[in-house]
Colleague: 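Sharing a structure with you now.
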Amino acid sequence: MSVPNKINLAGISSDDFLTPEAIRLIETAEELVPLFAERARATDLAGKVPEENVKALAQAGLFRVLQPKRWGGYELDPRVFYIIQMTLAQGCMSTAWIYGVIGVHNWQIALFDEQAQIDVLGEDSGTLIASTYMPVGKVEKVDGGYNFSGKWGYSSGVEHCKWIFLGGLAPKSPGSEELVHTTFLLPKSDFEIVKNWDVHGLRGTGSHDIVVKGAFVPEHRTHKTNDYSDEACQGRVINDSWLYKIPFVQIFQRAVSTPCIGALDGAITEFRSRCAAHVGKHGGKTAEDVNAQAAVTEAIMTSDHLKLVLFRNFADVVKHTKNGEMMPVNDRLLQRAQSSAVPKQIAERVNELLRACAGAGLYRSNPIERVFRDIHQARGHIANNTDAYVRAHGTVMLGLPNADPYV
């Protein structure tokens, strides 16, 4: 997987989001693919994306795609961000995964109070933020903020970050008994990394546990995660682009499904190269195997279909946001279900690619074997729980109330 497969962008844009700046960044990502592919197996074995990969992403400005211009960012359309993530995943899905879940935090920090932005980005606008949003934090309201503690799992790429977003339940308003999901922002000095990420796939993401023991979090370093009002998103006063008015879940859900599409593209490229050269122990050419022929075309069709849905859906998100409209709940639920289904659909295609490689394809030296593990690991993320989100949409389609608190 040394040469990236250029993502076909023809016909996907009706609103000119592919600016010269966007194209330059996408091309920069393409240039990094061979380098990341060369390091991918070592990344998998080490259980951590190399510092060199993260440095390359930072120097290329790729973490800044969704960052506010006032902090040196580009404020580009989310489709640019996800094209870059898909591109990077052709070389190394673990690198693309942490790129997505770290890079997207430059979008959320723009919604925080200005002082929080200064706290994180004031001395170094390239500072990276990790996260784990599960609302397990123990929250105690005190003067000026909160006492905060707890243990969280699955903080991808946290070893590369100086700050972190952590989830907890806090009062909806002063004195209210109603609790809402809240994002708490903490510096590295306030949390401990418990290195326990020893898993099947996405090994390089280093998605370790996080422990906080009685840290104080000032009020300005909190954000009501699913409250899309201007009052809750105080950063919009200084970051007034339409980009920062997109609902949280519509941005974040794709960060953990889109890299699967790029990884599938990388597997297709590797499979085609392998089939062109491989002759089995019994003298049969893999390229002449009907299973291989079906597997590659079905994989290509799936990749094409998933990209079309991704671009169409975000075009709709952008249109509604620019018009100051909230997308109907049934459409938001459908998009959430479609995002969650990406790893499931790709797993079926990668399964067939690996099967068509036969016994010789099961060695760890075959990059498709790693993609197979990475995709199945991605299916375990809560945002990729296809059954739950398909049912959530079906519930509304059958006349029942929406039960998803994030949509």
Side-chain angles (χ1 to χ4, degrees), residues 1-8 30 33-34 36-45 85-97 199-204 256-310 338 340-381 384 386:
M1 290 190 284
S2 58
V3 180
N5 175 31
K6 285 183 176 291
I7 294 172
N8 183 7
E30 292 171 350
V33 170
F36 292 170
E38 184 179 330
R39 298 171 178 164
R41 190 179 182 195
T43 297
D44 187 70
L45 293 172
Q85 191 183 27
M86 283 189 286
T87 300
L88 298 174
Q90 292 184 53
C92 175
M93 185 169 162
S94 284
T95 298
W97 183 280
V199 293
H200 181 66
L202 290 175
R203 293 179 53 83
V256 293
S257 68
T258 303
C260 298
I261 304 175
L264 175 61
D265 285 345
I268 291 168
T269 299
E270 178 65 30
F271 185 74
R272 293 180 64 195
S273 176
R274 183 182 182 87
C275 288
H278 187 260
V279 177
K281 299 297 183 182
H282 299 283
K285 297 179 180 179
T286 305
E288 296 174 349
D289 182 359
V290 293
N291 294 305
Q293 294 164 359
V296 70
T297 296
E298 289 174 350
I300 290 170
M301 289 192 299
T302 296
S303 173
D304 188 49
H305 157 250
L306 293 174
K307 287 171 191 161
L308 289 171
V309 172
L310 169 67
Q338 289 169 323
S340 72
V342 168
K344 180 178 181 179
Q345 294 177 53
I346 288 177
E348 295 173 358
R349 303 282 70 82
V350 174
N351 290 355
E352 290 304 296
L353 291 176
L354 189 61
R355 183 176 73 88
C357 288
L362 298 177
Y363 286 90
R364 291 291 176 95
S365 58
N366 179 9
I368 300 172
E369 183 274 340
R370 184 181 60 255
V371 171
F372 171 90
R373 289 185 287 110
D374 289 347
I375 296 298
H376 282 278
Q377 190 74 35
R379 291 190 66 182
H381 194 286
N384 294 329
T386 311

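Values below: every heavy atom of this structure, side chains too, minus hydrogens, waters and symmetry copies.
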Colleague: If you measure from CG on Leu306 to CE on Met86, what distance do you get to the nearest 0.5 Å?
Modeller: 9.5 Å
Colleague: Return yes if some donor-acceptor pair links the side-chain N/O of Asp304 with the main-chain N/O of Ile300 below 3.5 Å, else return no.
Modeller: no
Colleague: Should Val371 and Leu264 count as side-chain neighbours, where that means a heavy-atom distance under 4.5 Å?
Modeller: no
Colleague: For the CD1 atom of Ile261 and the CD atom of Gln85, what is their distance to the nearest 0.5 Å?
Modeller: 9.0 Å
Colleague: Give me the atom names and distance for the closest heavy-atom approach of Thr286 to Cys275.
Modeller: CG2-SG, 3.4 Å
Colleague: Does the pair His381 and Trp97 meet the rule for a side chain to side chain contact (heavy atoms under 4.5 Å, CB included), with working shown?
Modeller: CA-CA 12 Å; His381 194 286; Trp97 183 280; 3.9 Å; yes
Colleague: Could you tell me which non-hydrogen atom of Leu310 sits nearest to which non-hydrogen atom of Thr258, and how far apart they are?
Modeller: CD2-CG2, 4.2 Å
Colleague: Do Thr386 side-chain atoms and Ser340 backbone N/O form a donor-acceptor pair below 3.5 Å?
Modeller: yes
Colleague: Let me confirm one number: the CG-CZ distance from Asn366 to Arg274, rounded to the nearest 0.5 Å.
Modeller: 4.5 Å
Colleague: Name the atoms and distances for all side-chain donor-acceptor pairs under 3.5 Å in residues 353-365, with sequence neighbours left out.
Modeller:
from, atom 1, to, atom 2, distance (Å)
Arg355, NE, Glu352, OE1, 3.1
Arg355, NH2, Glu352, OE1, 2.9
Arg364, NE, Glu369, OE2, 2.9

Colleague: I need the minimum non-hydrogen distance between Gly262 and Gln90, along with the two atoms involved.
Modeller: O-CG, 3.3 Å
Colleague: Going by heavy atoms in the side chains, are Thr269 and Asp265 under 4.5 Å from each other?
Modeller: no
Colleague: Mind checking whether Thr297 and Gln293 have side chains closer than 4.5 Å, heavy atoms only?
Modeller: no
Colleague: Would you compute the distance between atom CZ of Arg373 and atom NE2 of His200 and round it to the nearest 0.5 angstrom?
Modeller: 6.5 Å
Colleague: Once rounded to the nearest 0.5 Å, what's the spacing between atom CG of Asn384 and atom SG of Cys260?
Modeller: 6.0 Å
Colleague: Roughly how far, to the nearest 0.5 Å, is the OG atom of Ser303 from the CD1 atom of Ile346?
Modeller: 7.0 Å
Colleague: For Ala40 and Gly91, work out which heavy atoms get closest and say how close.
Modeller: CB-O, 3.6 Å
Colleague: For a quick test of reading the model, state the closest non-hydrogen atom pair linking Val256 to Pro259 and the distance between them.
Modeller: C-CD, 4.1 Å
Colleague: With a 4.5 Å limit on heavy-atom distance, are the side chains of Ile375 and Met93 in contact?
Modeller: yes
Colleague: Heavy atoms only: give me the nearest Arg203-Asp44 pair and the separation to one decimal.
Modeller: NE-O, 3.1 Å
